[in-house]
Protein chains: 2
Amino acid sequence: MSGVCADCAVRDVALCAVLSDSELARLNSIGRRQRISKGATVQWAGDESIMFANIISGVVKLSTGTADGREQIVGLLYPADSLGRLFALRVDYDATALTDAELCTFPRNAFERVLGDFHHLERQLLARTLGELENTRRWMLLLGRKSAEEKVATFLLHITERLKPTDCPGAAKGSHTYELPLTRGQIADVLGLTIETVSRQMTRLKTNGVIALPDSKRVTILQPQLLQDLAEAA
Amino acid sequence: MSGVCADCAVRDVALCAVLSDSELARLNSIGRRQRISKGATVQWAGDESIMFANIISGVVKLSTGTADGREQIVGLLYPADSLGRLFALRVDYDATALTDAELCTFPRNAFERVLGDFHHLERQLLARTLGELENTRRWMLLLGRKSAEEKVATFLLHITERLKPTDCPGAAKGSHTYELPLTRGQIADVLGLTIETVSRQMTRLKTNGVIALPDSKRVTILQPQLLQDLAEAA
DNA sequence: CGCGCTTTTGAGTGGCATCAACGTGGGTGG
DNA sequence: CCACCCACGTTGATGCCACTCAAAAGCGCG
């Protein structure tokens with residue numbers, strides 16, 4: 001097996017985990033690495049769906065909005081997650097890099113052909129898609145029924161969970177400080193709130209000693225249990 | 001091919017549409033029809049995931065809630081839609097019949113085995129799941145960013161669309177009257193609103209001549225275009 | 001140092017929730 | 001057959017949470 005997959009950071013956690021080395025070689029032959037810089041848009045809603053990709057590093061947002069400019073982030077993609085709309089002619093949502101990112105991209109048609117040949121890969125994708133659907137539905141409870149405080153607490157727990165394994169070099173173990181890949185405005189777009197409300201809730205959590213904010217991008221979870229309680233009760 | 005599938009109302013629109021008659025016979029052999037009466041819960045969140053089903057008739061809600069009793073409906077399932085959590089040990093959401101309903105149920109394990117044998121069925125399921133994910137994400141924009149008026153207008157358009165093909169005997173063509181399978185409270189749980197707000201918005205739409213309400217369960221769309229506008233702009 | 005962008009903080013408003021009362025229709029039992 | 005009940009829906013009064021508007025403070029950068 002040649003170069004590209006050999007040193008892949010997500011070889012064992014992404015979709016590809018179910019592939020043998022020889023199978024991986026086949027996939028490798030149609031894929032290529034792509035670097036995306038922070039803020040760059042990978043695809044626009046309505047674009048022709050020609051690409052499928054796995055995220056190697058970085059965080060990507062999926063977003064949509066109303067005609068008058070309100071925006072809603074409908075998904076956050078982390079390393080080992082997949083990006084792209086299979087089996088459809090057009091892409092449904094904007095995809096934008098929140099950090100510098102690295103993608104492993106494939107032409108959609110070619111990837112779908114590989115799926116047909118590697119049944120276990122297709123099954124893995126189905127299982128992950130079902131999981132993603134479940135996560136998305138859980139987020140609906142947050143959007144529809146939770147208060148601003150609960151939303152922010154839930155978000156902090158979520159991002160803590162997702163950033164722990166791969167993206168957080170400083171956090172050896174027991175440390176709880178993270179660098180947020182989202183601005184306050186983007187957090188607001190995830191939670192269905194405004195910038196100001198997010199900011200107020202964050203400072204409130206700081207004031208109450210639940211978290212600390214070394215600077216505006218970094219968060220330290222001081223009382224995980226309390227944060228957990230705030231995320232679920234009024 | 002024996003009885004059960006022969007007279008199935010959704011034979012050509014559900015998952016099974018991609019199966020030949022002989023393949024269908026195989027699926028038939030592990031499935032059985034089940035009647036569910038209105039209000040009955042098919043599965044509880046946390047239950048062991050042992051069942052997969054296609055909906056033949058009726059409407060089923062998928063819901064979740066907070067510890068203190070707030071509820072959010074995270075999905076509405078119509079005829080030809082599928083129900084159940086494959087590839088997982090436990091079910092994620094409550095599933096409750098909103099109307100009398102008819103299901104075509106399979107043991108989960110057996111169904112997963114059939115999926116393995118009928119590759120095109122698995123692909124069809126994957127494609128449908130991706131579509132469902134897309135629809136769910138679109139609903140997030142509604143929950144996070146739309147006003148009460150936009151929410152109600154969007155819901156009325158949605159239900160109109162979904163009820164048109166199969167479930168609406170009275171609506172020959174050009175008629176725009178539908179029977180809502182949801183109470184005001186359930187609509188509120190879909191939209192992340194309260195009963196009172198839903199009621200007020202409905203009477204407001206009636207007052208403005210956009211819809212008519214022959215009785216509290218029936219809705220007539222008088223001005224579809226206007227409703228469309230209300231659904232998307234402030 | 002000054003410029004732009006993000007974040008914070010403050011004051012005021014408004015949309016939706018909450019609380020409460022009343023109306024309505026369908027089912028049940030006397 | 002009617003009185004009753006109960007779940008559902010409507011309508012009104014009030015309050016609060018989050019939005020809006022506004023301004024100042026922090027931060028990176030040329």
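Worth saying up front: this structure is predicted, and the values here are computed from it rather than measured. Convention: sequence-line order gives letters A, B, ...; per-chain numbering from 1.
- In the interface, the side chain of Glu149(B) is not paired with the base of dC16(C) through any donor and acceptor atom under 3.5 Å apart.
- Regarding Asp68(A), its CG atom lies at a distance of 10 Å from the P atom of dT20(D), rounded to whole Å.
- A salt bridge is absent between Arg90(B) and Glu48(B): the closest approach of a Lys/Arg side-chain nitrogen to an acidic carboxylate oxygen does not fall below 4.0 angstrom.
- Protein atom CG of Asp215(B) is 15 Å distant from nucleotide atom P of dC8(D), rounded to whole Å.
- Out of dT20(D), dT7(C), dT10(D), the shortest distance to the side chain of Arg184(B) is found at dT10(D).
- Residues from residues 197-207 of chain A placing a heavy atom under 4.0 Å of any atom in DNA chain D, listed by number, are Thr197(A), Arg200(A).
- Atom pair Glu196(A):CD and dA11(C):C1' shows a separation of 13 Å (rounding to whole Å applied).
- Note on Arg33(A) versus Asp7(A): salt bridge recorded, some NZ/NE/NH1/NH2 to OD/OE distance being below 4.0 Å.
- Pairing each heavy atom of Glu232(A) with each of Thr66(B), the nearest pair is O-CB, 4.4 Å.
- Leu143(A) and Val190(A) make their closest contact through CD2-O, 3.7 Å (heavy atoms, listed as atom of the first residue, atom of the second, distance).
- Distance, Leu191(B) CG to dG15(C) P: 18 Å, rounded to whole Å.
- For the pair Lys151(A) NZ and dC17(D) P, the interatomic distance rounds to 15 Å; values are reported in whole Å.
- Computed from coordinates, the Arg218(B) CZ to dG25(C) C1' distance equals 16 Å when rounded to whole Å.
- Ion pairing between Arg184(B) and Asp189(B) fails under the 4.0 Å rule for side-chain N and carboxylate O.
- Between Asp100(A) and Lys38(A) there is no salt bridge, since none of the side-chain N atoms of the basic residue sits less than 4.0 Å from a carboxylate O of the acidic one.
- Spacing between atom NZ of Lys146(B) and atom C1' of dC16(C) amounts to 18 Å, rounded to whole angstrom units.
- Going from atom CD1 of Ile195(A) over to atom P of dA18(D) covers 17 Å, rounded to whole Å.
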